[in-house]
Protein chains: 4
Amino acid sequence: MQAFVYRLAMNHPGDLSALTALFDAGQLDPAHVVAVIGKTEGNGGVNDFTRGYFTLAFSSLLAERTGRPRQEIVARIPCVLSGGTEGVLSPHYLVFARRPGGPAASSAKRLAIGVAFSPPMRPEAVGRMMHVEMVAETVRRAMTDAGIDDPRDVHFVQVKAPCITSARAQEAAARGASVLTADSNRSMAYARVAGTFGVTLALGDAPVERITEAAMFNDYTVQSDRASISSGVEVDCNEVILLGNSARWRGELAIAHRPMQDALDIGAVAAVLDDLGIRATPQVPAADAVRIHGVLVKCEPDRRGQVRGNRHTMLDDTDINAQRHIRGAVGGLVAGMLGDGRIFVSGGAEHQGPDGGGLIAAIARV
Amino acid sequence: MQAFVYRLAMNHPGDLSALTALFDAGQLDPAHVVAVIGKTEGNGGVNDFTRGYFTLAFSSLLAERTGRPRQEIVARIPCVLSGGTEGVLSPHYLVFARRPGGPAASSAKRLAIGVAFSPPMRPEAVGRMMHVEMVAETVRRAMTDAGIDDPRDVHFVQVKAPCITSARAQEAAARGASVLTADSNRSMAYARVAGTFGVTLALGDAPVERITEAAMFNDYTVQSDRASISSGVEVDCNEVILLGNSARWRGELAIAHRPMQDALDIGAVAAVLDDLGIRATPQVPAADAVRIHGVLVKCEPDRRGQVRGNRHTMLDDTDINAQRHIRGAVGGLVAGMLGDGRIFVSGGAEHQGPDGGGLIAAIARV
Amino acid sequence: MQAFVYRLAMNHPGDLSALTALFDAGQLDPAHVVAVIGKTEGNGGVNDFTRGYFTLAFSSLLAERTGRPRQEIVARIPCVLSGGTEGVLSPHYLVFARRPGGPAASSAKRLAIGVAFSPPMRPEAVGRMMHVEMVAETVRRAMTDAGIDDPRDVHFVQVKAPCITSARAQEAAARGASVLTADSNRSMAYARVAGTFGVTLALGDAPVERITEAAMFNDYTVQSDRASISSGVEVDCNEVILLGNSARWRGELAIAHRPMQDALDIGAVAAVLDDLGIRATPQVPAADAVRIHGVLVKCEPDRRGQVRGNRHTMLDDTDINAQRHIRGAVGGLVAGMLGDGRIFVSGGAEHQGPDGGGLIAAIARV
Amino acid sequence: MQAFVYRLAMNHPGDLSALTALFDAGQLDPAHVVAVIGKTEGNGGVNDFTRGYFTLAFSSLLAERTGRPRQEIVARIPCVLSGGTEGVLSPHYLVFARRPGGPAASSAKRLAIGVAFSPPMRPEAVGRMMHVEMVAETVRRAMTDAGIDDPRDVHFVQVKAPCITSARAQEAAARGASVLTADSNRSMAYARVAGTFGVTLALGDAPVERITEAAMFNDYTVQSDRASISSGVEVDCNEVILLGNSARWRGELAIAHRPMQDALDIGAVAAVLDDLGIRATPQVPAADAVRIHGVLVKCEPDRRGQVRGNRHTMLDDTDINAQRHIRGAVGGLVAGMLGDGRIFVSGGAEHQGPDGGGLIAAIARV
């Protein structure tokens, strides 16, 4: 098996012309596409419809090119979009594809991609241990799908988890079940943490006994440097895209990751590049830049109102959402070291990497 | 003469407690204060009143402590605020002070501060060659005030230039004079460029014959890597703060500057630090970070809609002003290398540094 | 011929479930749909992708239900969306349908709907008299399509006009032609005025000799109380939806319109309702409210910075676009009188109604 | 005693020139000023510094004109600012003054103004019954100050209540006391409701037994149509401005108030005007408009996401704060009926008027 990652530009959230061109040129077989992770130019908030727009356009194209119904595409190919290309960030999407092939030529570990979906989840499970365990189980299946045995070979796990809507809360109530919260925004935060804890559990990133509901939004030492979670109304099960390295895969791509201690942790960027054999001095040289196929970052405005002792104003800004602030800042830092604005930077990183920080993963030709 | 630069935090735009404490402790004589450059937490736009708020609080404090009328403080101490602490940027202000003293102990050049005000300027001059020449003349007087003979020893010139308001346009019309534009925002952009061209002319940063009205917003090779210009309704003359190095000054501080080629030019940050004997690897070590007394950056969202070939979305965002975007991104980059969010980052950098880029200056103990 | 107008709610910009339900129930034949005017919940600016999202979802649905290709739907059914449901405004869309039928039962004039498309327009025509004349010609054809002979029977003309993009400007330059401006935003404003002047010319709302390029953004007495114009990159010809009353049409619906003198002109709202036999005292009684099938408003933040002598702050707000401000305010006023937030309120009303004001049209059962 | 209300325009949040002019002309004695309620052009959120700016400028002016220290002015003259002049709202402030004088000429009730301050309140009291009772007690003293015996003669009570900051929470913890919440924003909402319940209790607007902590954010039938509450870090006691009618006062002014059922309740606006002998048909005639000295409105985006069955998008807008949305919409409605944008419209109206609605008060010459 061989993994391919295409980093494609878009002119607007409904623009799939770059992917269409790959299909038309025969460079990529539509049937080999297994997942998409992208960065659209919305605000990244509840009323960011650029994600739905892209998904509609993408699933329509895949349906047309594969001859399968659009709903089947939606149900089988995770398409995780993060809105918000603040500052120098550039709208783009990563298309992950798998091409079957003989055994790996060498014993070197190469990029492996796994995908899995949990069964539909009831709203009363959202944000609870039941949710954590369901995500953990799905992550394990994605590992199997990726051909990875050792959790240490996993470097990035993207989860999209369902949240609670008014309608779902009412449906639960009608069954006599009660949900964690009827506040949709709050349920999304809980769903993100449950997803993170699920990854943490599956990968062994924290002792099992500390992965509890009580630890959520409380014990920030329970975290995973490899979990990237989003939550949305558009899914009713947990979707998982798992990226790692495996000797069962061949090709030229590999992935690495590092925690970011805070929003100024430029050292983490240098370190993850170094893991892939790329030196930034301080910027990645052009010859190496072309080897990079994708960069994925999670970050968070420090909830304590300071970064290294200096007050920041992100959390008190009524005009600009705090997540937009942090994406712009961390995006500027990472893009500056890479010399490239095509970075996936996503906020809402509770328990995903160190408190007040986050994580970075990169995929490159080695 | 010895220059001092105090980098002070503020809890809100009217908070002068840090400066008050310096006065109360006898560490700084209010009479030695000659200028302020600060970063407040407003939006940086026309309706950013954090600048006026700070100025009222600052001038009231200085009036009280020096016994001079508040209006005299306003007229003699330039107080240049840039609104907008996007992302990791931290609200702070630099207080520039001069203490008289004997001759310099060594022949080494040390930080020199000059201040000058032009005569009141008529609105019909704004944005025209008359404006350019008036700024150039004021910059030359600020050089004299700073004891700098060689323009190459100048590293940063902050100018605050008047713009055209409806009232001023009408007053001009009543005299039979005509203004460049009655659009206040547009006049501010022209005033910035006229100010920049004035600095360019005074410092010899471009051939005299190319510094023309026709070159404004047109020939971007006419630029200065040392000009930082703002424009506002609150001034009716051109205020200049000039920073450089001079053998006539003593002390431990020195200043350096570098152009930034674009918003990803991390190399410029490394270079300006290197000029001051500081190595970032990739971050400035803590031991060196305390030597830094101030960092000043100008930047601009690339007007061509791309950064190094990748589309950016700053100019088309109806929700977040483009200058807020770029300050957040470049601020994230510079703060990341320095490990410190107390960076003065200002937008509106037309002709100030390379097109699509800007400039960086830093003051440090050497 | 009989006209039908369905006012349908949407849960998000890609939600066509209400229209789908009408089709499924057999209440509306997809083949009878001739136009859509809607209000989506984006920001209404350049980066508002809710309009494109709705259009993709709508055209996909119509293609599926009519068996015609999606591109043909886009080319034959004008779909004009205005982004921005500020304040109490509620996302909704008006579906205009025509059902063939015998002669009108009475001599009373009833709602008539006409649609027309101009030929593709070259970019160098945008905003010039050529554009004005092309729109005028298209409006005349829409009148014919609507079966209206007397321009006085026209009450609302929605035009969607092409603008100039960088690509189009370059294509023109390659042919040796020059465009009015290469600034896309500016070209949209010019396209709106050219569209307005086209309507003004076709309907005789101003003397022919005063409808000139020189009058654009200058002589605001050249205006039409019946013109509602938008401009966008997504069209390359001028699309026209014309609404009026005609004795050739039967049914129960009629339309009326009134100019709004300024953003406080509550009298205009009362008057247009009165024209349709509805009394607001001060609110429309529930029994009459159900008779209303659609309300269409154009408005504008007064460019002189005041409303009836009091300063407004819409034009100087760096955080909220001025058009969002005015839509929210005028929407609140009109919705308050109607007791209903489903009002189409669109900004960018240069020359569309009195300077600083706008216009209102309403469709109701009589 | 006679009450005066001056409605003054401001050119920016630090502009007191209109009040200065009244003082200079001898029309108003600075010693007679007892309170200010104003509308500044900030965003109305946590980072709205226009309120502090105005307060600094106002207290400096009063200190200068009365010869009293600035801190005494701040401690004795309530100055309540609401940020946000969305849409057609115009920045302005109401100066309330009392001039001593002989007995009322007639038995008619005229505008009465009372002011009172609670003792400093400990942070652990914020949002609890202790807070409710302290506000109730302060309101009663303000009634006495206003010479009003019957609670039915009270028409508007403005309260500014302290909230919990991190520093205050820590100070409480050090004493072994625990605060309701350490989340500053949340504490402000609780402080508003405690203030509202205090007014409700003092005026008898709900049965005593239902005014409980359990009713907060829960039983919305516990409300007052006369309570207008704000909360902020800048106060450490509860400040009360109480407006009503009393036969002990003379002059020409009177006040009336009405609940608003929802954001579309135009009938409430008509009713409150009618109470003051003013007919809106639908707009207030110019001759009557000059009789109006002040209009005060509280409103709220309906927390259930709908207004009269139609979805609104205020609560899900990541770009524009919901309070900015509702102020713009309700401001547009009220200003439209009055023909005047100088309306004080404030959000955050939990329990202040009907759920999803709010209230309106008006002061006019009778």
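Lettering of chains follows the sequences in order, A, B, ..., and the numbering in each one begins at 1.
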Residues from [range] approaching chain A under 4.5 Å (heavy atoms):
range: residues 338-352 of chain B; result: B:Gly339, B:Asp340, B:Gly341, B:Arg342
range: residues 359-366 of chain B; result: none
range: residues 271-289 of chain B; result: B:Pro282, B:Gln283

Against chain A, work out which of [options] has the most heavy-atom pairs shorter than 4.5 Å and name it.
options: B:Glu41, B:Arg327, B:Met10; value: B:Glu41
options: B:Asn11, B:Asp317, B:Val330, B:Asp265; value: B:Asn11
options: B:Ala263, B:Ala335, B:Ala270; value: B:Ala335
options: B:His92, B:Met314, B:Met337, B:Arg311; value: B:Arg311

Below 4.5 Å, heavy-atom pairs only: which of A:Asp319, A:Thr313, A:Thr85 has the largest tally toward chain B? A:Thr313
Give, for atom CG of A:Asn310 and atom CZ of B:Arg7, the distance between the pair rounded to the nearest 0.5 Å. 7.5 Å
Starting at CD1 of A:Ile320, measure out to CD of B:Glu86 and round the result to the nearest 0.5 Å. 6.0 Å
Please lay out, stage by stage, how B:Ile266 and A:Ile266 fare under the test side-chain contact (heavy atoms from CB on, under 4.5 Å). CA-CA 11 Å; B:Ile266 195 172; A:Ile266 194 172; 4.0 Å; yes
Scan residues 279-333 of chain A for pairs that pass ring pair (Phe, Tyr, Trp, His ring centres under 6.0 Å), counting only residues two or more places apart or in two chains. none
Which residue in the set A:Asp302, A:Leu333, A:Asp262, A:Leu264 passes side chain to side chain contact (heavy atoms under 4.5 Å, CB included) when paired with B:Val88? A:Leu264
